[in-house]
Amino acid sequence: MALKIALAGIGKIARDQHIPAIAASPDWELAATVSRHASVDGVPSYDDFTAMLAARPDIEVVSLCMPPVPRFDYARAAIAAGRHVMLEKPPGATLSECHALEAMARQAGVSIYATWHSREAAMVSTAKTWLAGKRLESLVVTWKEDVRKWHPGQTWIWQAGGLGVFDPGINALSIVTEILPDPIHVTASDLFIPENCETPIAAHIAFAHPYGAKVSAEFDFRKEGDQFWNIEITTAEGSLVLSEGGAALAIDGVVQSATAAGAALTGEYPRLYANMARLVRAGGVDMDLAPMAHVADAFVLGRRIPVEPFIE
Ligand code: NAP
């Protein structure tokens, strides 16, 4: 039987990905939306989350699609009301609040899922399998996109807690932490912060690797023209390039699978919702915070470099 779910925060990602993924899945029935401004045709809508929880005891699961800073209060209320919770990435504004949510969920006996959509990109699991057992020499992340194109009007990205360029950058780190067999940690970070913003528009990060491989990431929100969501890896046994955010893969220069430009995210959200259905039915918890720990460390170690104001 389909699980009844409520979607809260009806913005870009809810409309682009969550609503179509739920509609296409036999696991789910979109039973309510919660939004301060929007509604979805044919679906009961509420403008207050607490009122929805009180009015709809039939809804077992909530999926939270608002930006990270306001998300904690919604998740806490849902857990307190005995509902399973699915969190957009990043799962919260701080590591501590995510740990607190996990503890609350375990105490309440409900499932909580910190989703990382980029880990579900088409070629990520193939890359992970290829990399297993190989000796890493270098890994370079290049994540460069045009913020005006992909995040129009999203002022929250420039406010404290909105992560700036780490909002997409954390997707790269979610792939890196999924496919690398060994743990890495941040050793240096440069944060380029527009004079009129609280969060970085670009960042360079260096990581330490247990066997001395060179690992680095370059994130930039100012890229016009060609967009790059690439992870280039060399090992003693060959090289691998994941591109299109993990949707395309080449091994030793031979393309294994290519996805049309702009088709990134295809299949990612259906897989997230399939994971959530399994988690709820099994009574599980999935709160991997590794990508977020790297971002937090990049802020702690970050050298702040002021750059020209960002005018959208
Ligand atoms: P968005 O369109 O700017 O915002 C989503 C919705 O969140 C808004 O429409 C609003 O919904 C609600 N919201 C905003 N501020 C709020 C507040 N202070 N309190 C309560 N609700 C608030 O952002 P988005 O692009 O959908 O991103 C939302 C999350 O999804 C972010 O964590 C982002 O990293 C993640 N994500 C985004 C993308 C993407 O391509 N955009 C891709 C993957 C993941 P209501 O008006 O309905 O209340």
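Order of appearance sets the numbers: ligands from 1, and atoms from 1 within every ligand. These numbers come from the heavy atoms of this one structure, side chains and all, not from hydrogens, waters or symmetry mates. Along the sequence shown, residues are numbered consecutively beginning with 1.
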Original post:
If you measure only the distance, is there a donor-acceptor pair under 3.5 Å linking the side chains of T234 and S138?
Top reply: yes
Original post:
Judged by modelled atom types alone, do N275 and E120 share a side-chain donor-acceptor pair under 3.5 Å?
Top reply: yes
Original post:
With a 4.0 Å heavy-atom cut-off (strictly under), which part of C65 contacts ligand 1: side chain, backbone, both or neither?
Top reply: backbone
**OP:** Measure from the ring center of F299 to the ring center of F166 and say whether it is less than 6.0 Å.
**Re:** yes
Original post:
Cluster question for you: counting only ILVMFWY and a side-chain heavy-atom cut-off of under 4.5 Å, with indirect links fine, are L191 and V295 together?
Top reply: yes
Subject >> Nearest non-hydrogen protein atom, atom 8 (C) of ligand 1 >> reply: G11 CA, 4.1 Å
Subject >> For P68, the ligand 1 atoms whose distance to one of its heavy atoms is below 4.0 Å >> reply: 32 (O)
Subject >> Y269 neighbourhood, listing ligand 1 atoms whose heavy-atom distance to it stays under 4.0 Å >> reply: 43 (C), 44 (C)
**OP:** Write out the residue and atom name of the closest protein heavy atom to atom 41 (N) of ligand 1, then the distance separating them to 0.1 Å.
**Re:** K12 CD, 3.7 Å
Original post:
Nearest to atom 3 (O) of ligand 1, what protein heavy atom do you find, and at what distance?
Top reply: W156 NE1, 2.8 Å
**OP:** Name the closest protein heavy atom to atom 11 (O) of ligand 1, giving the residue it belongs to and the distance to 0.1 Å.
**Re:** I10 N, 3.5 Å
Original post:
Taking side chain as C-beta onward, heavy atoms only, is H117 less than 4.5 Å from I13?
Top reply: no
Original post:
Any N or O on W150 sitting closer than 3.5 Å to an N or O of ligand 1?
Top reply: no
Subject >> Shortest protein contact, atom 20 (C) of ligand 1 (heavy atom only) >> reply: Y74 OH, 3.4 Å
Original post:
Does Q107 CD have over 12 foreign heavy atoms under 6.0 Å away?
Top reply: no
Original post:
Looking only at side chains, do H18 and Y273 share a donor and an acceptor under 3.5 Å apart?
Top reply: yes
Original post:
At the 4.0 Å heavy-atom cut-off, does W116 count as touching ligand 1?
Top reply: no
Subject >> Check: H209 ring centroid to F207 ring centroid under 6.0 Å >> reply: no
Original post:
Between T177 and R119, is any side-chain donor less than 3.5 angstrom from a side-chain acceptor?
Top reply: yes
Original post:
For atom 18 (N) of ligand 1, what's the nearest protein heavy atom and its distance?
Top reply: P70 CG, 3.6 Å
**OP:** Check each heavy atom of S35 against ligand 1 and say whether those closer than 4.0 Å belong to the side chain, the backbone, both or neither.
**Re:** both
**OP:** Could you check which of Q159, H117, Q154, E88 puts a non-hydrogen atom nearest to atom 36 (N) of ligand 1?
**Re:** E88
**OP:** Run down the list R36, H151, M66 and name the one with the heavy atom closest to atom 16 (C) of ligand 1.
**Re:** R36
Subject >> The one among R71, H37, E268 that brings a heavy atom closest to atom 46 (O) of ligand 1 >> reply: H37
Original post:
Can the ring centres of W150 and W229 be said to be less than 6.0 Å apart?
Top reply: yes
Subject >> Sub-4.0 Å atoms of ligand 1 with respect to non-hydrogen atoms of K89 >> reply: 31 (C), 32 (O), 33 (C), 34 (O), 35 (C), 44 (C)
Subject >> Minimum non-hydrogen distance to atom 30 (O) of ligand 1, winning option of T115, D167, I13 >> reply: I13
Original post:
Is any N or O atom of A14, backbone or side chain, closer than 3.5 Å to an N or O atom of ligand 1?
Top reply: no
Original post:
How about H84 and Y113: are their ring centres within less than 6.0 Å of each other?
Top reply: no
